[in-house]
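Quick note on labels: first sequence line is chain A, next is B, and so on, each numbered from 1.
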There are 2 protein chains.
Amino acid sequence: MVKRVSDAVKRRLPRYYRRLLSLDEAGTESVSSKELGALLGLTASQVRQDFNLFGGFGHQGYGYPVNKLREALEEILGLKRAWKMVVVGAGNIGRALAGYGYLGGDAFRVEALFDVDPAVIGTQVHGLTVKSADEMVSFINENNIDIAILTVPQEVANKVAHLISSSAVGAILNFAPVKLDAQENGPIIESIHIIDTLMSLTYQLSAKNITKPR
Amino acid sequence: MVKRVSDAVKRRLPRYYRRLLSLDEAGTESVSSKELGALLGLTASQVRQDFNLFGGFGHQGYGYPVNKLREALEEILGLKRAWKMVVVGAGNIGRALAGYGYLGGDAFRVEALFDVDPAVIGTQVHGLTVKSADEMVSFINENNIDIAILTVPQEVANKVAHLISSSAVGAILNFAPVKLDAQENGPIIESIHIIDTLMSLTYQLSAKNITKPR
DNA sequence: CGGCGATTGTTAAATAATTATCATCATCCT
DNA sequence: AGGATGATGATAATTATTTAACAATCGCCG
């Protein structure tokens, strides 16, 4: 049962979970791979393949029990516990994320918000007082922070990421449009590059007017 | 030269561009596929394959001229012109994005910000006055808006997306944690699901403690 | 002015991911 | 009670993506 989970599957798991959650809340008892695939734009085959990486959740002739599968995904994704986070960089995006009491408000908690700007330090953002970046590493270590959300300007992103990596944090969620250089045994890094997604859109918009999609 | 561009390549193009831009700004004249690959965590082979989809930009024995390649990518990605955007939903993320004078501040411009909440309509956000959602479709059409950034609550995301689709907008950048149902000949849709990326992190953090990476 | 070193563009091979197929089995209906 | 139905789990086939290999080519240096 310890099969390799590809990146592609890893990206699909949260999507399955979100959909299962909403089906469960709607009171749906079971769902077939075909139905779920249709809801997510995937083939039935792929849905079954994916779930079978983690074990057999389905009943033949019946489909998958929504509640049980949702529970299983919750376990797999580590959502049965709360994760403590800090936001590093109190700019526009950083402040927005500090107010993130979102989906499974239980699972993700922002514990602190840091910045270097003296004019910003001490101000209130969504009930948090912005702390000085000097305190960051010790705060992370003393409060067992799991995830650092990095929203600093790209020029300093790697420097700050390096500093964060010297703490005991488990993962970094990077919003700076820069590739952070990963370190052996350092935190897990995932990036969200908004600007890249925008450029992907303009690429497609530009291409649309030249060649039709096949 | 009209080869099919896969999704994987499409996602790498902006990364190439960003790196080329910074190399160019640093005054670097040429870069080999090997060097560029190392900077981006790709193989030299892959870099060459990708560029060759769009034509031969390199000089044998020499590498790729940074400036010329950057220009070419700018053309390919459609960054030679300005793109007009609106932000729909003046919540935390929406307000943050309204202040988006980011990278190629020339290429992307936020022209307006919409919401349904009477308490928010009329307020100022980063120099923009929040407009009523009632005006949205006509504003998009009259001002030739290219991209709508959707940052409304998930419950109404599809409803609003549908409304946007009735306008002449070319693309939607969706931040709601929901799969928008695409329509034939409707706008191009790309989504950024922050919550999914967080879950992908907790999945990896959870998995790390059970099985070591092979 | 000719050979050497380096790096491309291209084709081929290997690997990974997705889709299709099918035997098996649980449930339901008559 | 038994067969039809429908959907899983597993395996096989297909397709896509990545990596490797190598001949062709350019500039540089002597």
Side-chain angles (χ1 to χ4, degrees), chain A residues 1-16 19-20 23 28-70 72-73 76 179 200 213-214, chain B residues 1-16 19-20 23 28-73 76 179 200 203 213-214:
Chain A
M1 208 217 281
V2 189
K3 295 167 194 149
R4 166 166 160 68
V5 177
S6 72
D7 272 20
V9 173
K10 212 179 66 185
R11 276 196 298 270
R12 281 195 293 270
L13 290 177
R15 297 176 55 204
Y16 288 129
R19 184 56 75 159
L20 264 311
L23 285 173
T28 311
E29 304 233 325
S30 85
V31 67
S32 70
S33 56
K34 192 174 158 194
E35 289 163 345
L36 189 55
L39 288 170
L40 293 171
L42 307 170
T43 64
S45 210
Q46 189 162 52
V47 172
R48 292 203 297 276
Q49 293 264 33
D50 287 351
F51 290 157
N52 275 59
L53 289 173
F54 299 96
F57 300 107
H59 287 332
Q60 284 171 329
Y62 212 67
Y64 295 87
V66 170
N67 186 267
K68 187 180 152 199
L69 187 52
R70 178 202 138 187
L73 274 170
I76 291 166
K179 179 174 170 50
S200 155
R214 56 166 186 166
Chain B
M1 211 219 280
V2 190
K3 295 165 195 151
R4 166 167 158 73
V5 177
S6 71
D7 272 19
V9 173
K10 213 179 67 183
R11 275 195 299 270
R12 282 196 292 271
L13 291 176
R15 298 177 54 203
Y16 288 129
R19 183 57 75 160
L20 265 310
L23 285 173
T28 311
E29 303 233 325
S30 85
V31 67
S32 70
S33 56
K34 192 175 157 193
E35 289 164 343
L36 189 54
L39 289 169
L40 293 171
L42 308 170
T43 64
S45 209
Q46 188 163 52
V47 172
R48 292 203 296 279
Q49 291 265 31
D50 286 351
F51 290 158
N52 274 60
L53 288 173
F54 299 97
F57 300 107
H59 287 332
Q60 283 168 330
Y62 213 66
Y64 295 86
V66 171
N67 186 267
K68 186 180 153 201
L69 186 52
R70 179 202 136 187
E71 289 265 337
L73 274 171
I76 291 165
K179 178 172 172 52
S200 156
Y203 165 70
R214 53 162 190 173

Set of residues satisfying side chain to side chain contact (heavy atoms under 4.5 Å, CB included) with respect to A:S32, sequence neighbours excluded
A:K34, A:E35
Report the residues that fulfil side chain to side chain contact (heavy atoms under 4.5 Å, CB included) with A:S6, sequence neighbours left out, ordered by chain and then residue number.
A:A8, A:V9
Can you pull every protein N or O that's under 3.5 Å from an N or O on nucleotides 4-8 of chain D?
residue: D:dA7; atom: O4'; partner: A:G61; partner atom: N; Å: 3.1
residue: D:dT8; atom: OP1; partner: A:S33; partner atom: N; Å: 2.8
residue: D:dT8; atom: OP2; partner: A:S33; partner atom: OG; Å: 2.7
residue: D:dT8; atom: O2; partner: A:Q60; partner atom: NE2; Å: 2.6

Rounded at 0.5 Å granularity, tell me how far CG in A:L69 sits from CD1 in A:I76.
8.0 Å
Could you pull out all residues at least two apart from B:E71 that satisfy salt bridge (Lys or Arg N to Asp or Glu O under 4.0 Å)?
B:K80
The criterion is ring pair (Phe, Tyr, Trp, His ring centres under 6.0 Å); which residues satisfy it with A:Y16, sequence neighbours excluded?
A:F51
Between B:F51 and A:R12, who's closer to the 5' end of DNA chain C by nearest nucleotide?
B:F51
Starting from [atom2] on [N], measure out to [atom1] on [X] and report it in whole angstrom.
X     : N      : atom1 : atom2 : answer
A:K10 : C:dA17 : NZ    : C1'   : 15 Å
A:Q46 : D:dG9  : CD    : C1'   : 16 Å
A:L40 : C:dT19 : CG    : P     : 13 Å
A:D50 : D:dA10 : CG    : P     : 14 Å
A:R4  : C:dA16 : CZ    : C1'   : 9 Å
B:L69 : C:dT8  : CG    : C1'   : 13 Å
B:D7  : D:dT15 : CG    : P     : 18 Å

Does the side chain of B:L23 come within less than 4.5 Å of B:Y64's, by heavy atoms?
no
Summary of salt bridge (Lys or Arg N to Asp or Glu O under 4.0 Å) pairs that have at least one residue in [range], sequence neighbours excluded:
range                     : value
residues 43-70 of chain B : B:R12-B:D50, B:D24-B:R70, B:R70-B:E74
residues 52-63 of chain A : none
residues 53-67 of chain A : none

Distances for protein N/O vs nucleotides 11-15 of chain C N/O pairs under 3.5 angstrom?
residue: C:dT11; atom: O4; partner: B:Q49; partner atom: NE2; Å: 3.2

